[in-house]
2 protein chains.
Amino acid sequence: MPSKCRQCIIKRFNALKTLTHDELEKFSDHKTSLLIKKGENLMTEGNSINGLYCIKDGKGKLTKLNTNGKEQIIKFVKGGDILGHRSILSEELVGLNAIALEDMHVCFIPKGDILDTIRENNNFSLDLMRNISHQLNEANTSISQMAQKPVKDRLAETLLHLETIFGLDNEDCIDVVLTREEIANTIGTATESAIRLLSNLKKDGVIDLIGKKIKILNKNSLKNISEGY
Amino acid sequence: MPSKCRQCIIKRFNALKTLTHDELEKFSDHKTSLLIKKGENLMTEGNSINGLYCIKDGKGKLTKLNTNGKEQIIKFVKGGDILGHRSILSEELVGLNAIALEDMHVCFIPKGDILDTIRENNNFSLDLMRNISHQLNEANTSISQMAQKPVKDRLAETLLHLETIFGLDNEDCIDVVLTREEIANTIGTATESAIRLLSNLKKDGVIDLIGKKIKILNKNSLKNISEGY
DNA sequence: TTCTTTCTATGATAAATGTCATAAATTTTG
DNA sequence: CAAAATTTATGACATTTATCATAGAAAGAA
């Protein structure tokens with residue numbers, strides 16, 4: 001039996017915290033629950049979209065396919081994040097692929113309900129703006145770093161960022177499983193280069209590599225590297 | 001005597017087209033007109049901001065200073081564009097420097113008026129969301145290109161983009177004056193590399209260089225280069 | 001104007017990064 | 001489980017891009 005949105009918001013979501021009781025009831029009644037299995041697409045670049053996705057749990061990547069066919073990872077998402085609002089708001093096609101890194105439980109709320117709520121609940125509307133504005137700021141920072149930092153610095157930056165987003169597992173490793181290729185596609189480099197630089201960081205005692213899991217041993221050192229020292 | 005906002009909207013702005021007569025009157029009464037001379041800052045990274053800027057005319061660049069002191073140009077702006085809304089909406093500090101590339105006339109509208117209007121006029125609020133959502137989409141595209149395209153491709157892309165934004169002057173040159181360093185800071189490369197690649201494009205008959213002005217001679221060829229052919 | 005500064009241009013060289021090849025390790029499949 | 005496929009790892013080498021040096025051109029100041 002699908003749970004009520006109200007229960008879920010309390011437990012997981014920040015993004016929809018401004019909704020009233022009645023609005024949550026409406027969302028509850030109209031929502032669809034989805035299971036997106038590891039590797040499956042929740043949204044696909046270029047498609048149109050007719051609702052908002054709320055991630056209940058699981059982890060995912062937002063990617064863009066380049067003209068040369070290479071995948072660029074733009075952002076990581078997890079439980080509590082919302083997807084598709086940018087596209088709904090701008091009335092443009094979906095700009096990014098959302099792909100599950102592990103099984104994800106997701107709720108789908110129809111576009112009509114979202115737009116109604118934007119019209120009626122000013123706090124919700126302001127909250128969405130805040131969310132997108134914040135993302136825009138992050139994206140601008142990312143442009144600058146992609147353009148001007150060498151690969152090693154971007155790798156260090158990314159490892160710190162991944163820890164911030166996903167936290168640590170019970171063995172103090174960054175709590176997400178990524179292939180070396182995905183790491184490379186995040187920092188914008190060749191897979192071999194990412195592998196080599198990770199090996200170097202391990203050799204220098206800055207990180208440890210346990211299979212696909214990464215443990216940060218010296219956060220300060222990583223910070224310095226990410227800033228070019 | 002400062003002109004009425006209503007006149008100005010009709011002539012220049014798209015961004016505020018959803019405002020009612022009364023709202024425009026209020027903006028007119030409360031606005032301040034500014035002249036930002038070439039090279040001066042309209043907004044500065046890290047500062048707080050208490051209003052919205054509307055560019056009446058003139059051209060500008062939005063930049064970010066990197067940890068290594070290098071300037072990254074994130075976006076170009078011109079008459080009709082609005083600035084500062086992202087920061088007002090997210091209640092975060094200003095994320096970018098806005099610097100005049102030539103003398104700019106700008107109107108400043110206090111934050112209070114903007115927030116009032118967001119609360120009262122749903123179309124305005126939706127329009128702002130649309131604007132930021134669109135910018136976020138552009139920024140994501142930019143991340144992908146910075147991360148994965150070689151410098152030559154990014155230069156070609158940038159030249160086409162500059163023509164789209166600023167159009168042509170009466171000699172069919174891209175109607176904006178940028179130093180080679182600014183071009184380099186847009187595509188994220190060393191000034192010498194930008195100069196060299198521009199020289200090559202000229203040698204190949206794809207563009208012409210007339211002082212600082214750039215004329216696109218073969219747009220198709222540029223498009224191909226921008227896509228890696 | 002003349003001097004000074006900044007900007008553009010280009011060569012020489014170094015450093016960073018990508019590509020290709022190969023092999024070991026790991027994961028997936030039957 | 002064994003076989004196949006994928007992922008990780010590393011070396012050798014090619015290509016791209018940055019850095020340094022220098023000189024001429026253009027723009028700005030005295």
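Values reported hereafter were calculated over all heavy atoms of this structure, with side chains retained and with hydrogens, waters and symmetry mates removed.
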Salt bridge or not between [X] and [Y]? Use side-chain N to carboxylate O under 4.0 Å.
{"X": "A/Lys149", "Y": "A/Glu157", "value": "yes"}
{"X": "B/Lys213", "Y": "B/Asp175", "value": "yes"}
{"X": "B/Glu182", "Y": "B/Lys61", "value": "yes"}
{"X": "B/Arg86", "Y": "B/Glu92", "value": "yes"}

Using atom [atom1] of [X] as one end and atom [atom2] of [N] as the other, report the distance to the nearest whole Å.
{"X": "B/Leu178", "N": "D/dA26", "atom1": "CG", "atom2": "C1'", "answer": "17 Å"}
{"X": "B/Ile214", "N": "C/dT8", "atom1": "CD1", "atom2": "C1'", "answer": "12 Å"}
{"X": "B/Lys213", "N": "D/dA26", "atom1": "NZ", "atom2": "P", "answer": "17 Å"}
{"X": "A/Asp153", "N": "C/dA16", "atom1": "CG", "atom2": "P", "answer": "10 Å"}
{"X": "B/Ile195", "N": "C/dG11", "atom1": "CD1", "atom2": "P", "answer": "13 Å"}
{"X": "A/Ile210", "N": "D/dT8", "atom1": "CD1", "atom2": "C1'", "answer": "16 Å"}
{"X": "A/Glu182", "N": "D/dT7", "atom1": "CD", "atom2": "P", "answer": "9 Å"}
{"X": "A/Leu209", "N": "D/dT10", "atom1": "CG", "atom2": "C1'", "answer": "14 Å"}

Heavy-atom closest contact (A/Ser133 atom, B/Ser90 atom, distance): CB-CB, 3.5 Å
For A/Val94 against A/Ser48, the heavy-atom pair lying closest together: CG2-C, 4.5 Å
Short side-chain N/O contact from A/Thr191 to OP1 or OP2 of D/dT7, under 4.0 Å: no
B/Lys111 atom NZ, neighbour heavy-atom count above 12 within 6.0 Å: yes
B/Lys152, NZ atom: more than 12 neighbouring heavy atoms under 6.0 Å: no
Working for side-chain contact (heavy atoms from CB on, under 4.5 Å), residues B/Tyr53 and B/Val77: CA-CA 12 Å; B/Tyr53 294 104; B/Val77 293; over 6 Å; no
For nucleotides 27-30 of chain D, give me every protein contact, N/O to N/O, under 3.5 Å, one pair per line with atom names.
none

Result of checking B/Leu96, B/Leu93, B/Asn50, B/Ile49 against B/Ser87 for side chain to side chain contact (heavy atoms under 4.5 Å, CB included): B/Ile49
Contact check, side chains of A/Glu71 and A/Ile73, non-hydrogen atoms, under 4.5 Å: yes
Per-nucleotide protein contact string for nucleotides 16-25 of chain D (B base, S sugar-phosphate only, - none; heavy atom under 4.0 Å): -SBBB-----
Axial bend angle, the helix from C/dT1-D/dA30 to C/dG30-D/dC1: five-pair end segments, nearest 10°: 50°
Nearest-neighbour nucleotide for the B/Thr179 side chain, C/dA9, D/dT10, C/dT8 considered: C/dT8
